[in-house]
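Within every chain, numbering begins at 1; the chains are lettered A, B, ... in the order of the sequence lines, protein sequences first and strands thereafter.
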Amino acid sequence: MAKLLSLIFVAVLWTVAATAAHSPMLPGPLAVADALLRETGSLALPFHLACTLLRVVAAFAIASSLGLVLGYAMGKSRLVDQIGDPWLVILLNLPALVTIILAYIWVGLNEYAAIAAVALNKLPNVVVVVREGTRALSSDLEDVAQVFRIPGPAKIRHVVLPQLAPYLAAAFRSGIAIIWKIVLVVELIGRPNGVGFVLGSAFSLFDMVTIFAYSIAFIAIMLVVENLLVQPVERNANRWRRKAA
Amino acid sequence: MQTAGAEKLLELKIDSKAYGTSPGASVEVLRDIALHLTVGSFVSLFGPSGCGKTSILRIAAGLDRDFRGERWIAPSARLGMVFQEPRLLAWRTVEDNIRIAMEAAAATGDIGEWLERFDLGPQRRQYAGELSLGQARRVALVRALSIAPNLLLLDEPLVSLDDSIAARLRGELRAVAESGKVGIVLVTHDLDEAVELSDRLLFLGERSARVILEREVSVPRSQRDRRTVSALAEELAALVSQSNWREAQCNSR
């Protein structure tokens, strides 16, 4: 209830400010809604959103699976950890923009470069979190797996992954938030489609209505993904806990 | 009873086992321990807490290879183990906990039947993390037995269970022992329990534990009623205290 009131208050504030300013720099909610409908009707908005979403999914999948394997290896083996750590430090401290520019210059202005750049930005974060989770794995259960000779795949599925689940959930959550934002930058710099591209063009035309329309659509999609995808998956993974966290 | 020429399962000779404490320093917890186990024999390890009984089991199970000595285990050995804590997969159901072990061992058997036998029928689909400690201990015991082991290592499996359940599970262990197909090592605090179940008892001393007394129980298991057991246990306790064990125990307090 309080949330809803707060949201209504934002809308009212926006309307008042837009009316008072009476400037193309701050369009009111109605103008933005009109643009939203128009862009949806022409299928431009769904198309650009889909482009962005696909990039997010691809980058997320690559960063997560690679991060899981690398993080696990670094958590398990001291040697791998020592070899990987300097790389990790470099990647963690490399500004996203530098990665993006280097990827476009070395790989070319194409989809591979775009997705690789985003994945590479997210990767070190997943690695760090999974490494932490791997170090916290129970040696007691490791003993059980060894004594009962539980084969590798079954061990990973029943013993290791459930223990890593909370760490993975944290990595995925923060990961999605980061990836959404970086994908837009990648699109702005070197892609001919996607929300980032549209925002870039609108910026050069000072087209505030389009900027507002796409931003709001983008935020809405993020919320839908969060509520319909991320949260149910987390709830399912936590079913066994006596009181769901 | 051990029959001469019975199939050998486990030969353990621990000259010394030490744990590193601070850098450079280490504490010796075991010295000169020999353990031989054949199919059908039942050995109990008895001693004060912290004397290294669990370390012996870990070495026997192959979980700890950092010791001076030798370990030989029969290639045919199929190991079932009950740890001091239940060590179940909290995020899997009771049924799945047992199935995972059975599948790994390619064991056949009806999980439902096992659970009924140990009064766990209603818990079948519960997550292991939701069980009481007593229930979890029973699941751990079922997990070890359900894979049809011929070598069982039991680390105080019946501790903290209420008396009636403990008595029943002792009966189950006795049945396993009497089948003659399994070699068992039991770590216990309970001298009566050790006398009731085992063929051979090893008494361990305090820190840097050595075997201070080794005894065969010659009364056949079927004749070990409560009175015989407690009489024997008393006799052994007296022998042990002669071996200065009690003094050592007092020193440690």
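- Residues L88(A) and L70(A) form no side-chain contact, since every pair of their non-hydrogen atoms from C-beta on lies 4.5 Å or further apart.
- Q163(A) places a side-chain N or O within 3.5 Å of a backbone atom of V159(A) that can act as its donor or acceptor partner.
- At a heavy-atom separation below 4.5 angstrom, chain A is approached by R58(B), A61(B), G62(B), L63(B) within residues 58-70 of chain B.
- Of all heavy-atom pairs between A171(A) and K122(A), the closest is O-NZ, 3.1 Å.
- With sequence neighbours left out, K181(A) forms a salt bridge (charged side-chain N to carboxylate O under 4.0 Å, His left out) with no residue at all.
- Residues R92(B) and N97(B) share a closest heavy-atom pair of O-ND2, 3.2 Å.
- By the neighbour-count criterion of 12 heavy atoms within 6.0 Å, atom CH2 of W72(B) is densely surrounded, having more than that number from other residues, nucleotides or ligands.
- Ring geometry, W180(A) versus F218(A): the interplanar angle exceeds 60°, so the pair is classed perpendicular (tilted spans 30 to 60°).
- Residue E103(B) does not touch chain A at all, counting heavy-atom pairs closer than 4.5 Å.
- Close approach to chain A, defined as a heavy atom under 4.5 Å from one of its heavy atoms, is seen in R143(B), A144(B), I147(B) of residues 136-156 of chain B, taken by number.
- Salt bridge status for R99(B) with D96(B): present, with a side-chain N to carboxylate O gap under 4.0 Å.
- Of residues 131-148 of chain A, those residues with a non-hydrogen atom less than 4.5 Å from any non-hydrogen atom of chain B are, in numerical order, D140(A), L141(A), D143(A), V144(A), Q146(A), V147(A), F148(A).
- Both the backbone and the side chain of R87(B) come within contact range of chain A, with heavy atoms under 4.5 Å apart.
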Begin with the C-alpha distance, continue with both residues' side-chain angles, and end with the deciding distance and a verdict on side chain to side chain contact (heavy atoms under 4.5 Å, CB included) for V130(A) and Y167(A). CA-CA 6 Å; V130(A) 171; Y167(A) 295 89; 5.8 Å; no
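- Taken from CG in L120(A) to OG1 in T99(A), the straight-line distance is 6.0 Å, to the nearest 0.5 Å.
- Among all heavy-atom pairs drawn from Y104(A) and R191(A), the shortest one is OH-CG, 3.6 Å.
- Between the CD1 atom of I219(A) and the OH atom of Y214(A) there is a distance of 15.0 Å, given to the nearest 0.5 Å.
- Residues A194(B) and L201(B) come closest through the heavy atom pair CB-CD2, 3.6 Å.
- For the residue pair A114(A) and V186(A), the shortest heavy atom distance occurs at CB-CG1, 3.3 Å.
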